[in-house]
Every structure is written in structure tokens, then in C-alpha cells.
2 protein chains.
Amino acid sequence: MTTLGYALLGLLAREPLSGYALTSQLKGRIGPFWSTTHSQVYPELSRLENGGLVAHRVVEQSDRPDKKVYSITAEGLKALKEWVTSPVEPRTTRDELVLRAHNAWVADPLEAAIFFREQERLHEERLSDYEIKREWMKREWGEDIRRADSSLFGNYAALRRGIIHERGYVEWCRWVADSLEHGTGGEAASEVDR
Amino acid sequence: MTTLGYALLGLLAREPLSGYALTSQLKGRIGPFWSTTHSQVYPELSRLENGGLVAHRVVEQSDRPDKKVYSITAEGLKALKEWVTSPVEPRTTRDELVLRAHNAWVADPLEAAIFFREQERLHEERLSDYEIKREWMKREWGEDIRRADSSLFGNYAALRRGIIHERGYVEWCRWVADSLEHGTGGEAASEVDR
DNA sequence: TAACCCATGTAAACGGTTACATGATTTC
DNA sequence: GAAATCATGTAACCGTTTACATGGGTTA
């Protein structure tokens, strides 16, 4: 089983969906922590169905193309449940920006500073988008976001990760940009550092 | 050009290295933000050499196998320099733990809490390793880690990213575990939340 | 003597992205 | 009239991981 398979099972555990709808959800919902395209989803659904983890029925529509609506099976739910707490093999987090910072010393420092300042702004923007979404969740979903047995808690937890991630990213970009601006000579460094 | 290509150029901009040595460095140094294996490095070095970005000379050794030591060319340094501040196309950060949290509601809450508590401990451990390395860098490299034109600044910046990343990760894991422990019923939630 | 380090390569498999393919309806 | 949305699929390509392949020297 691939991780994408579990991502799909997770969405189907919430509600039955078509391949198209699953693809749409994996573009914004779990958001920047997993994504895919329809060309990966359709074959994966076939594999899940062959394994007995999902099942589909055809829903005929008059105004739109017919669709296959997939549901999770009891077996699928069991597999998902077991996966959640199963041992993790460590995967490398690839981050191109870290590589760029790693080699910023070969570039023009002020040009590099502008680059990281721009990245800071970009992540700040994403952070505030997330903060807005968080307020929306609190308002709209209330106490359910704290209930460990509610799927809304899952959504909230993913968003919280996004917020914490972006906060850290903004902090780091700012520090890199500051360092590149002030650390061009050999003079005493200010304590931006924590 | 692939990102791995630039990662290799970045290491060769610091010092000439063999394919084997490059592979070793990409297992610990830039650490958890990029990694590779020798089976990817050797072909990539050939490609870089065909493009005129690196060059090698054979160093004969008596006690060990002969090796090809690669150096970056002027053209390679130029390419690296330009890449550092070139526009980034956004890439999805894939994080399996976020997916697990997203689906934690289908699992047994207390079992899931144990799982995330264990992850918290794991990342705390990694964090303190990084903190120790940071103190080492400050002691050993001194003010050079703040000089924008020093390769040591690049190393320090990558480590700083690691520290900030792990801090956030610990915070999030703790929050998830706390929520899973206390949010099993419908009772009023404590303010772990920030 | 078994495991590990040095050293370099190729081949197969896998997961993910991009492109190809089709086609109706709805919105701007 | 053009673009976007709904809807499902296949094919090609690319980057990464795992396995295959070889072989001498050192350490436990």
C-alpha cells in the first residue's frame, strides 16, 4: 500500500467521493502536506478496489457526465485504522530553499537577501491565510475540532501543522535575510539570533 | 538541471570531492533536507561533466581503490550562483505524519496519543542533537558563521532551519498528543492551544 | 572470519508529474 | 466565442530507491 492510498482512504472514511472529487480535495484540503493529480488517483482507486478496501457504484447524471462514487469498506477502515499508529520509516524532507541558503555565500549577498525577503513575505501570506481558515474553523465547527473522535479534529490538526510550519518558515527566512544584509563585512553581529 | 545537481555543485564549490565523498556528505551534512544514494550521484556527476560544470582527475591510491576527484569549473560556479536566487516553482511538502493526524479520529484515541507522544520524543531528541551541533559550530567557527560570504554561514543556515523545523515539530506533536488525551469526551478543553 | 569502509558503476522498480485523449455543460 | 468545470482514463517521462555487481583493505 502506498501513502497516497491511505490519503484516499482517509477522505473516503469521511464521505463517499468520486475520483474527480478526491483529486479536488487533495489540491487544497490536507493542503500543502500531500497532493496528487487525477492520473495518479484513478489507477490507485482500481488497486484499492482490487484489494477490497473500497467499492464503487455508478451514479448516473443527466446534466453532467456519469461518475463512479467510491466508498470505504469495513476492511478499508480497518486498514486505515491500523496504519495511523503503525511504525514510521523515516523519510527525507526535501527543501530546496535550505539548499539555496546553503549556497547563498557564492551569490551576491544583497541579491540573496532580496530573494529570502521575498520568500519571507510569501510564507507570511500563506500563514495569514491559514490563520483566517483557523478562525473560520473555530467559528463554524466549535468544540468538535477538539474531539479526538471527530474527523473535524483531523482537519484542524492538519491546519495547525500548516500554521506552525509557516511560522517557523517565516522566522527562518527573516533570519537568513537579516544575516545576509548585516553579515556582509566582518563587523559585530546584532542579536537577531535565538 | 536537477536540484540534486545543484546540491552537488554546492558541495564542490566548497572543496573537490569524489563521488563517494559527495554521497557521504549528502547523508549527514545538509542533513535532513536533502539526501541521495551513490547510484544517483555517479550518473549525475557524468551529466554535470558533460555540461562542463565539473571536471575530474583520477587520484591513484595504493592502500585504497583509485578515485575520481571532481572539482567545480568557472561555468559551474556561475550556474550555481545564478540558481541560488532564481525563481522557485512551488513544490508540495509531503508529510506522512500530518496524514496520520488527519485520520487519527478513526483510531483508538489513547493508542494514537501514545504514537504522537513517541514522535514528540523522537523530534525532541533530534532537536537537542542539532542544538549541540550548533554550540559546536559557534565554538569552532566563531564569527565566520555570520559572514554572508563564508561557506560556513551556509552550513549554519541549514542547521538553523533544522532547529526551527524540529522546534515546530515537537510543539505540534505535543499538541496533537495532548488533544488526543484530553479530547476523548465532550468536556471543556484546556488551553494548550495557541 | 565476519562486518565495515572505501570506491564505482548498472539495472530494475516505484511514485509522481506532465502530456495525450475525449466530450458535455456552464460561466464570463 | 473562450475559458472553466465536471468526469475518466492512458502513456511517457523523470527523479528516487532498492537491488545487483565487484573487490581490496581494515577493524572487531
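Naming: A, B, ... by sequence-line order, numbering from 1 per chain.
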Q. Which residue lies toward the 5' end of DNA chain C, B/K67 or A/T37, if each is placed at its nearest nucleotide?
A.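 Here B/K67 is the residue nearer the 5' end.
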
Q.
Reading DNA chain C from 5' onward, which residue's closest nucleotide shows up sooner: A/R64 or A/R47?
A.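 Upstream on the strand: A/R47.
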
Could you check how far [atom1] of [X] sits from [atom2] of [N], rounded to whole Å?
{"X": "B/K27", "N": "D/dT16", "atom1": "NZ", "atom2": "P", "value": "16 Å"}
{"X": "A/D63", "N": "D/dA4", "atom1": "CG", "atom2": "P", "value": "21 Å"}
{"X": "A/L45", "N": "D/dT10", "atom1": "CG", "atom2": "P", "value": "12 Å"}
{"X": "A/L26", "N": "C/dG15", "atom1": "CG", "atom2": "C1'", "value": "15 Å"}
{"X": "B/D66", "N": "D/dG24", "atom1": "CG", "atom2": "C1'", "value": "11 Å"}
{"X": "A/Y20", "N": "C/dA24", "atom1": "OH", "atom2": "P", "value": "17 Å"}
{"X": "B/E89", "N": "C/dT17", "atom1": "CD", "atom2": "P", "value": "13 Å"}
{"X": "B/L22", "N": "C/dG9", "atom1": "CG", "atom2": "C1'", "value": "15 Å"}

Q) Distance check: side-chain N/O of A/Q40 vs OP1/OP2 of C/dG15, anything under 4.0 Å? A)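 For C/dG15, neither OP1 nor OP2 has a side-chain N or O of A/Q40 closer than 4.0 Å.
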
**Q.** Distance test, side-chain N/O of B/R94 to OP1/OP2 of C/dT17, below 4.0 Å
**A.**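 Yes, within the criterion.
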
Geometric class of the [Y]/[X] ring pair [parallel <30°, tilted 30-60°, perpendicular >60°]:
{"X": "B/W136", "Y": "B/W141", "answer": "perpendicular"}
{"X": "A/Y169", "Y": "A/H165", "answer": "tilted"}
{"X": "B/Y6", "Y": "B/W83", "answer": "parallel"}

What's the closest nucleotide to the [X] side chain, out of [options]?
{"X": "A/S39", "options": "D/dA7, D/dT10, C/dG9", "value": "D/dT10"}
{"X": "B/L4", "options": "D/dT17, D/dT16, D/dG23", "value": "D/dT16"}
{"X": "A/H38", "options": "C/dC6, D/dT10, D/dG9", "value": "D/dG9"}

(Q) With a 4.5 Å cut-off on side-chain heavy atoms, are B/R100 and A/S86 touching? (A)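 Result yes, sub-4.5 Å side-chain heavy-atom pair found.
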
Q: Just jot down the side chain to side chain contact (heavy atoms under 4.5 Å, CB included) partners of A/P16, sequence neighbours excluded, or say none.
A: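 With neighbours one apart ignored, the set is A/V69, A/S71.
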
